[in-house]
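First comes the structure, then the notes that go with it.
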Amino acid sequence: MTLREFLSDRLGRIALQLSCAGLAALFLLATGTQPGVLVLLLLALLPVFAAVHAVDFLRQRAHLRELEAILDALDRAYLFAECAPPPKGLYERRLFALTRRAGRAMTGAVSDAQARQREYREYVERWVHEIKTPITAARLICRDLDGETRRKLTAELAQIEAHIQRALFYARAENPEQDCLFKQVPLEAIAAQAIEHHRSLLIQSGVRMELEGLDCPVYTDEKWAVFILGQLLQNAARYRGDTPAVTISAQPLGKQVRLTVSDNGIGIPAHELPRVFERGFSGSNGRSRGGSTGMGLYLCRKLAGFLELGLDISSREGEGTAVTLTFPAKENLTKL
């Protein structure tokens, strides 16, 4: 709170006090008080008047700074009313009590919402693990089918698994720190796992994979990094060109490592490129080819933020797309 803000807030009160002082001076002058005495009286009262408001200003400013410090120190700002010291005035105490009651109601609502969200996430995780059993059984049944039918059905099952995996990671993305372990991981291992998870889709789509310079380690969570790379491979296969090829290459940048996934697919229109990381945005390519949920790149952006990865995308319509992941140096990771 600045002095100008304080005076602006007190303008009406100060004007009333000055008006009362003026009326009192006129009354004293009319009753025969000498003007010199009246002037001395006003000069004596003026410093007292100013001192009272100055003390009030300093007291309020100090109190506000104390409250701001308490709020800044809280991880959950909605608990502010429970931690702030009660005011001294009666009106302020009553108002503070009402605010505290409202804060407790909001805290209860937030707790209920968090509990429901936790229950839903646990249900999704259980469902994902349970649904894997019939999928595995379906894969075993596929072995008894002829070659073409088996290939097509296996590819569709792989797509189902990919959607299920995305749902699982979406549920866990709200609290990724509960299922995260940062360690040194070879980029070759991350790329190999991502390719293996989506091998059926890549084979069916006729995608040629090229790996370059992946013999360098990075510090990250292996599972989340494999998921992000897998989403990029799925997009490359879904929006492929006539002779699809995907290149996964790495380049050391000092203590950082830049991983680039580039393809020669249909690319992304320039006016849609700034929106590809938005939740639910599928774009014209997703609508024309179908099957797009608009969640893949959104999850990549969200998880990359948690993993402290740089994530950039560039594309030319009709030429291809390149997505760059920049892995931070170990000493720059705040979660280690």
Side-chain angles (χ1 to χ4, degrees), residues 155 158 161-162 165-166 168-169 173 176 179-241 243-268 276-277 296-316 319-336:
E161 284 186 317
Q165 193 73 1
R166 189 180 297 118
L168 175 62
F169 276 83
D179 187 32
C180 185
L181 176 62
F182 282 84
K183 62 179 181 179
Q184 188 180 45
V185 187
L187 271 179
E188 290 176 320
I190 294 175
Q193 290 183 61
I195 293 172
E196 178 60 28
H197 289 170
H198 303 284
R199 180 166 55 89
S200 297
L201 174 63
L202 296 173
I203 293 175
Q204 182 187 29
S205 303
V207 176
R208 186 181 78 256
M209 296 298 307
E210 298 179 3
L211 308 180
E212 299 176 1
L214 300 182
D215 55 342
C216 49
V218 294
Y219 287 89
T220 188
D221 179 88
E222 184 175 5
K223 180 169 58 180
W224 294 102
V226 169
F227 174 79
I228 293 175
L229 186 55
Q231 295 304 299
L232 302 181
L233 293 178
Q234 285 187 67
N235 285 349
R238 180 176 292 116
Y239 306 115
R240 60 190 180 276
T243 56
V246 176
T247 301
I248 304 177
S249 59
Q251 177 186 6
L253 299 174
K255 295 184 178 181
Q256 296 180 329
V257 177
R258 176 178 293 168
L259 180 69
T260 303
V261 181
S262 56
D263 64 60
N264 60 350
I266 61 177
I268 303 171
V276 294
F277 292 113
L297 287 179
Y298 165 76
L299 280 174
C300 288
R301 169 69 78 182
K302 189 168 186 176
L303 296 174
F306 175 76
L307 297 177
E308 302 179 32
L309 301 177
L311 178 59
D312 299 289
I313 186 170
S314 60
S315 182
R316 285 183 176 273
E319 297 182 13
T321 301
V323 181
T324 301
L325 291 169
T326 304
F327 291 84
K330 178 182 179 182
E331 53 269 25
N332 293 336
L333 281 170
T334 62
K335 298 179 177 67
L336 276 181

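Taking the side chain as every heavy atom from C-beta outward, L309 and P328 approach each other to under 4.5 Å. At a threshold of 4.5 Å between non-hydrogen side-chain atoms, the residues K330 and Q184 do not count as touching. Here the side chains of V185 and Y219 are not in contact, with every heavy-atom distance at 4.5 Å or above. Considering only heavy atoms from C-beta on, T247 comes within 4.5 Å of E212 through its side chain. L311 places a side-chain heavy atom less than 4.5 Å from the side chain of V323. With a 4.5 Å cut-off on side-chain heavy atoms, Q234 and L232 do not count as touching. Contact of the L214 side chain with the L259 side chain is registered, since non-hydrogen atoms from C-beta on lie closer than 4.5 Å. Looking at F182 and L307, their side chains come closer than 4.5 Å, going by heavy atoms from C-beta outward.
For V257 against A250, the heavy-atom pair with the smallest separation is CG1-CB, 4.3 Å. The two atoms that bring L297 and F277 nearest to each other are O-CD2, 3.4 Å, heavy atoms only. Across Q231 and G296, no two heavy atoms sit closer than the pair OE1-CA, 3.6 Å.
Within the 3.5 Å criterion, the main-chain N or O of V246 finds no donor-acceptor partner in the side chain of D263. Using modelled atom types, no side-chain atom of R301 and backbone atom of Y298 make a donor-acceptor pair closer than 3.5 Å. Looking at S315, its side chain does come within 3.5 Å of a backbone N or O of I268 through a donor-acceptor pair.
Rounded to the nearest 0.5 Å, atoms OG (S262) and CD (E319) are 13.0 Å apart. Note that OG1 of T321 and CZ of R316 are 11.5 Å apart. Values are rounded to the nearest 0.5 Å. Taking NZ from K223 and CG from L303, the interatomic distance works out to 11.0 Å, rounded to the nearest 0.5 Å. I228 contributes atom CD1, which lies 5.5 Å from atom SG of C300 (distance to the nearest 0.5 angstrom). Expressed to the nearest 0.5 Å, how far CG of L325 lies from CG of L229 amounts to 7.5 Å.
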Which donor-acceptor pairs under 3.5 Å do side chains of residues 190-206 form with protein atoms, sequence neighbours excluded?
| from | atom 1 | to | atom 2 | distance (Å) |
| --- | --- | --- | --- | --- |
| Q193 | NE2 | E222 | OE2 | 2.3 |
| E196 | OE2 | R199 | NE | 3.4 |
| S205 | OG | L201 | O | 2.8 |

Task: Test side chain to side chain contact (heavy atoms under 4.5 Å, CB included) applied to L233 and I248, step by step - done: CA-CA 10 Å; L233 293 178; I248 304 177; 4.0 Å; yes
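For N264, the side-chain contact (heavy atoms from CB on, under 4.5 Å) partners at least two apart in sequence or on another chain are T243, A245.
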